[in-house]
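Okay, so here's the structure we're looking at.
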Amino acid sequence: MPKHVRLISLLVVCSLWSVPRSAHAQALIPHTLQLDAAKLEKQGLSLAQEAAQLAQFQQVELALPRARLATQLAPKNDKVWLLLGGLQLQTKEFDGAIAALKKAQSLNPKNADILFALGSVNFQQKNYQAAVENYQAGLKLKPNDSEGLFDLGNAYYLLGRLPDAIAQYNKAVSQDKKFWPALNNIGLINYEQGDTQGAIKQWQTAVTLDKQAAEPLLALAVALYTKGDASGEQGLRQQGLTLGEAALRIDQRYANLDFLKENLWGQRLLSDTKKFLELPRIQAALQQRENSSSPRLQPTQ
């Protein structure tokens with residue numbers, strides 16, 4: 001799967017449904033203004049909920065204006081600002097995202113999700129050391145957050161701090177035994193370090209946890225085929241081809257080397273994958289997949 005970058009925490013989205021209303025204004029303020037303020041905030045939270053739901057269905061362009069208006073109607077709610085920052089991060093409006101997230105942080109310095117989101121902004125802008133600092137600060141508040149641990153591992157990975165990356169990935173798995181992306185990335189590191197068998201073991205475990213996870217399935221396919229090709233073991237080659245076809249049926253984006261590079265695949269694995277994707281059987285599978293997804297012309301009367 002694409003590397004996880006925390007954009008909008010599901011917990012944040014869900015919590016918007018139960019955000020308590022702000023306390024009524026003091027008695028010196030006219031009663032009608034109290035009601036208007038309460039109504040405005042309620043409308044703002046309702047818009048934020050709607051924006052969050054749209055974001056869950058990848059309707060970010062529709063969600064953004066609702067989130068912006070929500071921050072105007074409920075300007076003292078940190079979760080609304082966090083939502084806006086997450087949406088702006090998805091559309092790569094980095095300056096806007098930072099401003100929204102800093103506003104959220106000023107309202108609630110103890111919200112770890114804000115720090116994780118700031119880490120994601122820095123991560124996407126390739127400011128990996130700054131991302132590390134954000135993730136570490138978030139983990140001080142939520143030390144057992146598997147996604148935060150994974151994000152920190154990715155930042156370490158791209159800084160070349162591989163032992164530190166593996167340590168964070170292992171911590172993520174210790175918090176969530178089914179968190180296969182961390183196992184997948186340990187496999188990526190193992191493969192680049194020449195530990196093919198260690199990588200295969202990690203990817204096999206990841207696939208066992210989620211049989212629809214295309215990324216570890218394709219990586220496993222490439223590793224098995226390459227190992228079989230080097231040793232002359234026909235069984236390994238056939239197994240690799242079969243698994244590769246299955247992975248590309250799940251998600252054909254993994255046939256794109258640029259996409260794989262974005263997902264932190266290293267040079268050794270990319271080189272072996274390039275050869276694998278050029279094999280006639282894999283090319284045939286890709287062509288079949290492309291043909292089946294093309295719109296069919298209706299016969300003329």
Side-chain angles (χ1 to χ4, degrees), residues 1-7 9-11 112-113 115-124 126-224 243 247 250-251 254 259-270 272-273:
M1 75 176 204
K3 284 298 163 289
H4 174 83
V5 176
R6 184 183 306 238
L7 300 175
S9 168
L10 183 60
L11 293 176
D113 287 321
L115 290 162
F116 292 139
L118 283 167
S120 293
V121 176
N122 282 311
F123 188 94
Q124 287 204 25
K126 300 183 179 181
N127 298 325
Y128 301 123
Q129 184 56 47
V132 164
E133 293 168 6
N134 292 141
Y135 294 140
Q136 287 175 332
L139 287 165
K140 285 182 180 179
L141 298 172
K142 289 176 68 174
N144 298 327
D145 189 284
S146 57
E147 294 178 351
L149 292 164
F150 176 70
D151 291 340
L152 178 58
N154 286 342
Y156 280 143
Y157 184 164
L158 290 170
L159 285 172
R161 296 172 57 177
L162 301 184
D164 290 331
I166 291 175
Q168 297 305 315
Y169 294 146
N170 280 323
K171 285 182 182 179
V173 176
S174 71
Q175 296 302 321
D176 182 354
K177 302 300 183 184
K178 296 184 178 181
F179 198 78
W180 66 261
L183 296 171
N184 177 80
N185 285 17
I186 294 173
L188 295 178
I189 293 174
N190 289 342
Y191 200 83
E192 293 308 303
Q193 294 179 329
D195 182 8
T196 301
Q197 195 54 43
I200 287 173
K201 182 179 178 181
Q202 295 293 333
W203 292 327
Q204 285 174 330
T205 303
V207 170
T208 301
L209 293 173
D210 186 350
K211 291 180 170 51
Q212 292 301 306
E215 182 175 354
L217 189 58
L218 180 62
L220 177 60
V222 172
L224 290 173
L243 293 177
I250 294 169
D251 193 337
Y254 287 95
F259 183 74
L260 297 176
K261 189 173 182 180
E262 290 175 5
N263 281 273
L264 309 187
W265 287 38
Q267 286 303 312
R268 180 173 178 239
L269 184 56
L270 285 172
D272 290 342
T273 302

Asn154 vs Phe150 side-chain heavy atoms within contact, under 4.5 Å: yes
Let me confirm one number: the CD1-CG distance from Ile166 to Asn190, rounded to the nearest 0.5 Å. 5.5 Å
Check the angle between the aromatic planes of Trp203 and Tyr191 and answer parallel, tilted or perpendicular using the 30° and 60° thresholds. tilted
Point-to-point distance, once rounded to the nearest 0.5 Å, from CG of Leu162 to CD of Gln193: 5.5 Å
If you define the side chain from C-beta out and look only at heavy atoms, does anything of Leu220 sit under 4.5 Å from Gln204? yes
CA sep, side-chain torsions, deciding dist, call: Gln129, Leu159, side-chain contact (heavy atoms from CB on, under 4.5 Å): CA-CA 8 Å; Gln129 184 56 47; Leu159 285 172; 3.6 Å; yes
Looking only at non-hydrogen atoms, find the nearest pair between Asn122 and Ala131 and report the distance. CB-N, 3.7 Å
Taking the side chain as C-beta and beyond, is there a heavy-atom pair between Asp113 and Glu147 under 4.5 Å? no
Parallel, tilted or perpendicular: ring planes of Tyr135 versus Phe116, cut at 30 and 60 degrees: tilted
Tyr254 backbone acceptor or donor facing Glu215 side chain under 3.5 Å: no
Could you tell me whether a side-chain N or O of Asp176 sits under 3.5 Å from a main-chain N or O of Ala172, the two making a donor and an acceptor? no
CD1/Ile189 to CG/Leu269 distance, rounded to the nearest 0.5 angstrom? 12.5 Å
List the steps and the verdict of side-chain contact (heavy atoms from CB on, under 4.5 Å) for Thr196 and Arg268. CA-CA 11 Å; Thr196 301; Arg268 180 173 178 239; 3.1 Å; yes
